[in-house]
Amino acid sequence: MNAMNLFRLDGARALVTGASRGIGKAVAEALADAGCDVVVTARTPSALDDTVRAVEERGRKAVVLAGDLAEPGVAADLVDGASAALGGLDVVVHNAGTLPTAEDGSPLMAPLQHARQQDWDTVVTVNLNATAALCRAAHPHLADSDRASLVLMSSVAGLVGTPMMEAYAATKAAQVSLARSLAVGWARQGIRVNALCPGWTRTDMTAFASGTGPLSDWLTSHVPLGRWATVDEVVGGALFLASPAASFVTGHALVVDGGLAVPDGGLAGYPKPPSPFAAA
Ligand SMILES: NC(=O)c1ccc[n+]([C@@H]2O[C@H](COP(=O)([O-])OP(=O)(O)OC[C@H]3O[C@@H](n4cnc5c(N)ncnc54)[C@H](OP(=O)(O)O)[C@@H]3O)[C@@H](O)[C@H]2O)c1
């Protein structure tokens with residue numbers, strides 16, 4: 001056996017949500033590298049042009065489906081449309097997610113006591129309710145596959161205390177819980193379900209933090225590896241969980257965070273600048 005073949009997914013039919021940029025785009029490319037045809041989704045079709053090009057450059061088929069996961073019924077439509085387009089589904093990486101955002105698209109960072117209920121509701125709708133709807137819709141398609149893998153893109157924010165991002169963190173923790181419950185419930189139907197928990201990763205979503213000195217310095221001071229991740233450092237985990245390399249892995253939350261979630265009890269003693277949130 002060539003162990004590298006364990007990461008092959010030749011001919012597999014994959015759906016990657018939130019594939020227009022960042023982690024989702026990189027996951028779609030990685031799955032195409034491994035041999036998957038890929039349905040890619042975002043809110044607007046044109047946002048997926050680069051991803052489609054990247055998948056096709058790898059010799060695989062790319063299909064675009066668009067929809068806003070904040071809207072009722074969209075998650076199920078995307079799943080059913082993906083299965084119809086590819087003749088079934090073997091791999092689903094549900095990656096689309098959001099932070100609370102202001103009308104101009106900038107992230108809203110506020111402690112719960114100052115955050116608006118409507119922003120909590122929006123994050124729960126997109127990150128959690130749409131995840132449940134997507135999983136529900138994916139079940140019959142994955143049950144028909146002999147190599148079914150569902151990966152939920154959670155976050156280290158769901159594993160550690162994440163002030164100023166309580167809604168986001170709560171939904172990401174819920175995704176880990178959902179992955180564990182579904183893994184047990186669907187195991188005898190041959191469907192593996194896992195969560196991937198990246199740490200702070202440089203993408204458009206985190207540009208507000210990675211681009212500014214004090215906040216970036218403070219965040220990375222809590223990361224034992226002492227820096228931000230690149231998307232390329234996250235996709236390996238998604239490919240592993242999707243592939244036969246993880247054929248006996250289910251109900252797992254794979255943490256790719258530079259050590260952030262490792263409890264060190266403060267013993268490591270890395271110097272930490274004062275929190276920019278101290279006055280909040
Ligand atoms: N970056 C990090 O540090 C980090 C860390 C841990 C976990 N994560 C998680 O990883 C995932 C990807 O994050 P990222 O940093 O790559 O984010 P990103 O660059 O902001 O990309 C988010 C993706 O989700 C899609 N999306 C957002 N809201 C949507 C909605 N309402 N309906 C449909 N699609 C929607 C976006 O598509 P549009 O083109 O429609 O905007 C985009 O493709 C998220 O679930 C995030 O929570 C990120």
Side-chain angles (χ1 to χ4, degrees), residues 17-18 21-24 26-27 69-70 93-102 105-116 119-132 134 151-181 194-212 214-231 233-235 237-238 241 252-264 272 275-278 280:
T17 65
R21 56 180 184 270
I23 294 170
V27 169
L69 289 165
V93 180
H94 178 42
N95 163 83
T98 190
L99 291 172
T101 49
S106 59
L108 286 173
M109 307 289 289
L112 183 70
Q113 67 272 25
H114 299 317
R116 300 179 303 179
D119 296 320
W120 175 281
D121 292 343
T122 301
V123 172
V124 170
T125 298
V126 173
N127 288 2
L128 180 55
N129 295 349
T131 298
L134 183 134
V151 180
L152 302 183
M153 195 64 69
S154 174
S155 169
V156 73
L159 305 177
V160 301
T162 312
M164 315 289 283
M165 299 172 66
E166 287 89 349
Y168 177 82
T171 60
K172 293 296 167 178
Q175 287 181 318
V176 171
S177 173
L178 185 61
R180 288 178 173 147
S181 296
N194 292 285
L196 181 60
C197 302
W200 309 133
T201 307
R202 282 187 191 279
T203 66
D204 287 359
M205 179 183 275
T206 54
F208 74 98
S210 62
T212 54
L215 181 51
S216 178
D217 291 349
W218 181 70
L219 288 170
T220 54
S221 74
H222 293 74
V223 180
L225 287 181
R227 60 177 175 80
W228 290 77
T230 66
V231 293
E233 292 177 299
V234 174
V235 291
L241 293 173
H252 184 61
L254 179 58
V255 183
V256 182
D257 69 343
L260 171 58
V262 176
D264 70 2
K272 293 185 174 54
S275 165
F277 302 138

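Note: hydrogens, waters and symmetry copies are ignored here, and every other heavy atom, side chains too, is used. For reference, positions follow the sequence shown, starting with 1.
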**Asked** With side chains defined as the heavy atoms from C-beta onward, is the minimum distance between Leu196 and Val234 less than 4.5 Å?
**Response** yes

**Asked** Which heavy-atom pair separates Val255 from Ala261 by the least distance, and what is that distance?
**Response** CG1-CB, 4.4 Å

**Request:** Would you check if the side chain of Ser216 reaches a backbone N or O of Pro214 as a donor-acceptor pair within less than 3.5 Å?
**Result:** no

**Prompt:** If you look at every heavy atom in Leu69 and Ala96, which pair is closest and at what distance?
**Reply:** CD1-CB, 3.5 Å

**Fill in**
Residues passing the side chain to side chain contact (heavy atoms under 4.5 Å, CB included) test with Ala173, sequence neighbours excluded, are none

**Asked** Does a side-chain heavy-atom distance below 4.5 Å link Pro224 with Asp264?
**Response** no

**Message:** Working to the nearest 0.5 angstrom, can you tell me the gap between Glu233 CD and Asp257 CG?
**Reply:** 11.5 Å

**Min side-chain heavy-atom separation Pro107-Met205 under 4.5 Å** = no

**Asked** With side chains defined as the heavy atoms from C-beta onward, is the minimum distance between Val223 and Trp200 less than 4.5 Å?
**Response** yes

**Request:** State which residues pass salt bridge (Lys or Arg N to Asp or Glu O under 4.0 Å) with Arg202; sequence neighbours excluded, sorted by chain then number.
**Result:** none

**Where Val231 and Gly22 come nearest, the two heavy atoms and their spacing** = CG1-C, 3.7 Å

**Prompt:** Which value, rounded to the nearest 0.5 Å, describes the distance between Phe208 atom CZ and Leu215 atom CG?
**Reply:** 6.5 Å

**Separation of His94 NE2 from Met153 CE (nearest 0.5 Å)** = 10.0 Å

**Fill in**
In terms of heavy-atom contacts, Leu254 and Gly237 come closest through CD2-CA, 3.7 Å

**Request:** For side chain to side chain contact (heavy atoms under 4.5 Å, CB included), just list the numbers for Cys197 and Val176, CA-CA rounded to whole Å, side-chain angles, deciding distance to a tenth of an Å, and then say yes or no.
**Result:** CA-CA 8 Å; Cys197 302; Val176 171; 3.9 Å; yes

**Close side-chain approach of Val93 and Thr17, heavy atoms under 4.5 Å** = no

**Prompt:** So how far is it from Arg21 CZ to Thr203 OG1, rounded to the nearest 0.5 Å?
**Reply:** 8.0 Å

**Prompt:** Residues in salt bridge (Lys or Arg N to Asp or Glu O under 4.0 Å) with Glu166, at least two apart?
**Reply:** none

**Inter-residue atom distance His252.NE2 - Leu241.CG, 0.5 Å rounding** = 7.0 Å

**Complete:** With sequence neighbours left out, the residues meeting side chain to side chain contact (heavy atoms under 4.5 Å, CB included) with Val123 are Pro100, Asn127, Ala167, Thr171

**Item:** Rounded distance [0.5 Å steps], OG1 in Thr206 versus CG in Leu219
**Value:** 9.5 Å

**Complete:** Across all chains, not counting sequence neighbours, the side chain to side chain contact (heavy atoms under 4.5 Å, CB included) partners of Arg116 are Glu103, Leu108, Gln118, Asp119

**Message:** Which heavy atom of Gly24 sits nearest to which heavy atom of Asn95, and what is that distance?
**Reply:** CA-ND2, 3.2 Å

**Request:** Can you see which heavy atom on Arg180 is nearest to which on Ala253, and at what distance?
**Result:** NH2-CB, 4.2 Å

**Request:** Would you please name every residue forming a side chain to side chain contact (heavy atoms under 4.5 Å, CB included) with Ala157, sequence neighbours left out?
**Result:** Ser155, Thr162, Tyr168, Ala169

